[in-house]
Structures are given as C-alpha cells and as structure tokens.
Amino acid sequence: MQGWLKKLRSETAIKGIMIDVWWGLVEKQPRIYNWKPYRDLFNFCRDNNIAVSAVLSFHQCGSNVGDNVYIPLPEFVRKNGTFYTDRSGWVNYEVLSLSADNLPSFEPAGRTGLDLYEDYMRSFKTEFGDLIRAGVIDQITPSMGPASELRYPSYPEQQKDNHVIWSYPGIGEFQCYDKYMLENLEKAAQQAGHPEWGHGGPNNAGYYNSKPYETAFFSDNQQDNYNSEYGKFFLNWYSNQIVDHGDRILYRATTVFNDTNVHLAAKISGLHWWFDSTSHAIENTAGYYDTRQYNGYEKLAAMMQKYNVEFAFTCFELPKGDFDSDPEGLITLTGGTARRYNIRYGGENALPIYGDHGKYDTMVYRSCLSGKPLDSFTFLRLNDGLINDPHQFGEFQAFTDRMAHLTC
C-alpha cells in the first residue's frame, strides 16, 4: 500500500486519498476508540505530502458495489439500535434508521444515535487534531446512510432467503416501516387532514425489482400515483425525513469541526436509471423526491448551504443507456442546483474503471457541466491493476493531469 501511494503522489497529479474510517473497526465497545491503524496510515500520508479525505463510515461494509470485505456495525449498536424496515417487515442492519437519531437507546447513559455520531467525531478530532491543523486531513464526510450516502437503503445488494433482494434496474422499495417512522407518518397524515394516509407507504408501488410502468404509483394517469394529492403528500414526508436526518447530523458535525479548517461533504447517490421517465422511481424510493416536474435536490442543496457543505455526487463515467438511464442529465441537474445554492460540487465515478479511455473522456467532459470545474473529484478505486498495469496507469496519469488543469 505505501509503495502504491508513493507512486501515485510522485507520478500523477492526485492531491490525496479518500478513505473510510469504519465505525465497526474503531468503536467495538462504547466510547473505547482504537485509532491506531488510521494513525499509522495518516502519519504516512503526512510524511509524503498526501492529503486525506476521511469518510466517517457509520454504516456496514459488505453490502454495496465493490465491497469485498465484511465490517458490521459495532455489536452494541446492532443490539440496541432501530433499523430501516421494509413493507414485508425485513430489517436491514446495514445502517441505523433515522428514527434512532433522537432515541436514547445506547450505552452509556442513554446516548442517542446522534450522540454516538458526535462522540465518534469528537474522538476523531481529538486523536487527529495535529493532522487537521497541519492541513493533512482537509475534508470530512460524515456517513448519513448506506454506502456513506444520504439516502434510504431502498435497493439493498444483500440476500434474503438465499435470494438477492434487489438487482438493477429495479425501482427499490420504500423504507418507512420501523415503529417510529410509522408513528411519524401517522401524525403527519392526521395533521394533513387525511388520517387514512398514515398507515404506511403506498400499497401500489411494486417491489424491489419492479419497473415503474409495472406499478400504479409510479405510472402516469393512475389513481393515487406519485403526482396525486396523496402521492405528493407521501413523497414530501418521506424525503423530508432524509433532509432532516442530514440536517441533524451535519449540525453535529459542524459543531465539532467549526473551529478547524476542514470542509465537510455530504454524499448523494447518482441514481441514474429511470431518470428519463416522468416519475424517477428509484430516486423517490431512496428519498430524493425528484420527478420530471419537481427538483427534489433543491431541498438537499438548501440544507447543505446552511452548513457550507460540499454536494458530492457520483455516476460521472456512466453512459446513457437502457431503462431510461441518463447520468448526464442527472449530473447537469444536481450540479446546476449546487451552483445556484453557491455550495461546492464534487464528483466521483460509480464503478471501477480499468484503462477505459472513453470513460476518462466522459468524466473530464462532465466535470464542466455545472458551468465551472468541479471542486473535487474522487476516483474509484485504488487496486493492483491500476498501479502495476502500464496501460491502466498511463491512462490514469493522463486523466489526473487533465483534471488538475481543467478549464471550462
């Protein structure tokens, strides 16, 4: 690893690395933090002029694209936490539900989910204060959902009863069935004057692997669809829970790091399939409430603006394709939204790239779609082939040079 990093820093135009700081590795017992493996790596980065973008990963490793190891949440969290639940009652232990934010469920002394996150961030700041002050650690991304992204785990790449739950291009399912989310929905429906809307998510929204046109909720000209009075109520409520969840975590993060020079980032998933349809089903089950008529990313950008947080977005290399997939349209929408709110906008590729010149060209081109160069770009991912295959490394060298000198 150290040889790889030295080669990247000396022979390419990269500035630094992004790394997950896994909750399940660091805090195996309440408030007992083992930072030593990260201290060794970060000190090496300091000594070799490599910046660090740290993702404080409050989610499980092993449930998403590219995960080849399994790191569960700490046992004390799994034992006492509230987790996202789907319509069938299946509980996903990948990440705490947003319902856990204010529940005093954890040791010691009745800590809430937000307290857990803040305590972890404060311990990180205490341990690595010297590297933060020196500018080695220059960006921190608090994980706010699966894959460190601010969203629901609506398309889980896990198995249930020996079957994969979701596969591309399924629309996913709404994740609002834990006890406390149902209580919240019931209250919101009563306040809206429609208590009949408060018993759960739509019953006509299909299943994890449905297509939008196979469901009444995500089809046009159907009763109680996404654009009906009921549909707008539910999608507003569902997406507002995610926005408020992000707001609560970023408030805590800002409280911890506001006296430092690090900037904060929030990851938003690039859910590009079905973007060219009218209902944008996969975005909606994930909690973004985006349709052809309504830009739900406005709410996310407005929340990030409060804390001067970077809008970090993915899918920069993916081509337009089947299933109404339109990554470029989605990048144009989110990038333009971030710029209107005067916040930083960062990019990332969704899947590993192995010497594909065309995809490098695509990422360079799309890095200007918001009208000016990206504020940051994270390349996925470091591996033996990238470093030791001459063709792959040469393509990567050229790409980093182009990005470092990008003008729009």
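Keep in mind the model is a prediction, meaning the values are calculated, not measured.
- A distance of 5.5 Å separates CG of Leu73 from CZ of Phe83, quoted to the nearest 0.5 Å.
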Point to revise | Criterion side chain to side chain contact (heavy atoms under 4.5 Å, CB included) on Ile268 and Met304, from CA distance to verdict | key: CA-CA 11 Å; Ile268 304 298; Met304 294 180 203; 3.7 Å; yes
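- Exactly one of Ile17, Leu131, Ile137 qualifies for a side chain to side chain contact (heavy atoms under 4.5 Å, CB included) with Cys45. That residue is Ile17.
- Of the possible donor and acceptor atoms, none in the side chain of Thr215 sits under 3.5 Å from a partner among the backbone N and O of Ala205.
- Checking Gln158 against Asn92 by side-chain atom types alone, a donor-acceptor pair falls below 3.5 Å.
- Side-chain contact, Tyr117 with Asp101: no donor N or O sits under 3.5 Å from an acceptor N or O.
- Comment: Lys160 does not engage Glu173 in a salt bridge, judged by the lack of any side-chain N to carboxylate O separation of less than 4.0 angstrom.
- The closest side-chain donor-acceptor pair between Glu395 and His357 falls under 3.5 angstrom.
- Listed here is the closest heavy atom pair of Phe218 and Asn284: CE2-CB, 4.0 Å.
- By the 6.0 Å and 45° rule, Arg78 stacks over the aromatic ring of Tyr93.
- Here the straight-line distance linking atom CD of Gln305 with atom CG of Asn342 works out to 7.0 Å at 0.5 Å rounding.
- Distance check, rounded to the nearest 0.5 Å: CD1 of Ile331 to SG of Cys315 gives 4.5 Å.
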Exercise for review: Go through Asn240 and Asp244 one step at a time and tell me if the side chain to side chain donor-acceptor pair (under 3.5 Å) criterion holds.
Suggested key: CA-CA 6 Å; Asn240 284 343; Asp244 291 346; over 6 Å; no
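- Side-chain N or O atoms of Ser367 include one that pairs as donor or acceptor with a backbone N or O of Met363 at under 3.5 Å.
- Using a 4.5 Å heavy-atom cutoff, the side chains of Arg402 and Asp361 are in contact.
- Between Pro212 and Ser219, the closest heavy-atom pair is O-OG, 3.3 Å.
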**Study point:** Derivation of the side chain to side chain contact (heavy atoms under 4.5 Å, CB included) call for Ile132 and Asn261
**Key:** CA-CA 7 Å; Ile132 292 172; Asn261 291 323; over 6 Å; no
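- Looking only at distances, a side-chain donor or acceptor of Arg9 sits under 3.5 Å from a matching main-chain atom of Asn49.
- Using a distance-only test at 3.5 Å, with no hydrogens or angles considered, no donor-acceptor pair links the side chain of Asn80 to the main chain of Phe106.
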Review point. Going through the distances and angles, do Phe42 and Val21 end up as a side chain to side chain contact (heavy atoms under 4.5 Å, CB included)?
Key: CA-CA 11 Å; Phe42 295 169; Val21 183; 4.3 Å; yes
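- Side-chain atoms of Asn209 come within 3.5 Å of backbone atoms of Ile165 as a donor-acceptor pair (strictly under, hydrogens ignored).
- Looking at every heavy atom in both residues, Glu94 comes nearest to Pro146 through OE2-CB, 3.2 Å.
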Review point. Passes side chain to side chain donor-acceptor pair (under 3.5 Å), Asp20 versus Ser148? Steps please.
Key: CA-CA 9 Å; Asp20 288 285; Ser148 75; 5.1 Å; no
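- No side-chain heavy atom of Tyr294 sits under 4.5 Å from any side-chain heavy atom of Lys232.
- Here Arg252 pairs with Glu118 in a salt bridge; the nearest charged N to carboxylate O distance falls below 4.0 Å.
- Judged purely by atom type and a 3.5 angstrom limit, Gln397 uses its side chain to pair as donor or acceptor with the backbone of Glu11.
- In this model, no donor atom of one side chain and acceptor atom of the other lie less than 3.5 Å apart for Tyr354 and Asp389.
- Checked by atom type and distance alone, the side chain of Gln392 never pairs as donor or acceptor with a backbone atom of Ile387 at under 3.5 Å.
- Between Tyr208 and Tyr155, the closest side-chain pair of non-hydrogen atoms is not below 4.5 Å.
- Each of Tyr207, Trp237, Tyr238 was evaluated against Phe174; a single residue qualifies, Tyr238, per the ring pair (Phe, Tyr, Trp, His ring centres under 6.0 Å) test.
- Among the candidates Trp90, Tyr177, Tyr152, the single residue satisfying the ring pair (Phe, Tyr, Trp, His ring centres under 6.0 Å) test with Tyr84 is Tyr152.
- Here the side chain of Glu107 pairs no donor or acceptor atom with the backbone of Pro30 at under 3.5 angstrom.
- Within 6.0 Å of NZ on Lys28 lie no more than 12 heavy atoms contributed by other residues, nucleotides or ligands.
- Using a 4.5 Å cut-off on side-chain heavy atoms (C-beta onward), Met403 and Val364 make contact.
- Asp161 approaches His163 most closely through the heavy-atom pair O-CD2, 3.0 Å.
- Listed by chain and residue number, Tyr297, Phe311, Phe313, Leu330, Tyr345 satisfy the side-chain contact (heavy atoms from CB on, under 4.5 Å) test with Thr334 (two or more places apart in sequence, or in another chain).
- Taking the side chain as every heavy atom from C-beta outward, Leu25 and Tyr38 approach each other to under 4.5 Å.
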Check your understanding: For Trp23 and Val77, what are the C-alpha separation, side-chain angles and deciding distance, and is it a side chain to side chain contact (heavy atoms under 4.5 Å, CB included)?
Key -> CA-CA 10 Å; Trp23 194 12; Val77 175; 3.5 Å; yes
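- In terms of modelled atom types and a separation under 3.5 Å, the side chain of Thr112 and the main chain of Asp115 share a donor-acceptor contact.
- A donor and an acceptor atom, one from each side chain of Tyr226 and Thr278, are located under 3.5 Å apart.
- Ser279 is not listed as a side-chain neighbour of Phe217, based on a closest heavy-atom distance of 4.5 Å or more.
- Counting only residues at least two apart or on different chains, no salt bridge (charged side-chain N to carboxylate O under 4.0 Å, His left out) pair has a member in residues 205-231.
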Exercise for review: Just do the ring-ring contact (aromatic ring centres under 6.0 Å, His included) check on Phe128 and Trp35 with the steps written out, would you?
Suggested key: CA-CA 9 Å; Phe128 299 112; Trp35 299 111; 5.8 Å; yes
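- A donor-acceptor contact closer than 3.5 angstrom is absent between the side chains of Asp178 and Thr82.
- In this structure the side chain of Thr12 reaches within 4.5 angstrom of the side chain of Phe393, judged on heavy atoms.
- Using modelled atom types and a 3.5 Å distance limit, the side chains of Lys299 and Ser239 yield a donor-acceptor pair.
- A pairwise comparison of heavy atoms in Gly200 and Phe234 identifies O-CE1, 4.4 Å as the closest pair.
- Counting only residues at least two apart or in different chains, salt bridge (charged side-chain N to carboxylate O under 4.0 Å, His left out) contacts with residues 273-298 comprise Asp276-Lys320, Glu298-Arg340.
- The 12-atom threshold is exceeded at NZ of Lys125, counting heavy atoms of other residues, nucleotides or ligands nearer than 6.0 Å.
- Between Thr337 and Leu300 there is no side-chain heavy-atom pair separated by less than 4.5 Å.
- Pro319 and Ser325 get closest at one heavy-atom pair: O-OG, 3.9 Å.
- Within the 3.5 Å criterion, the main-chain N or O of Phe316 finds a donor-acceptor partner in the side chain of Arg366.
- In this structure, the ring of Tyr230 has its center less than 6.0 angstrom from the ring center of Trp197.
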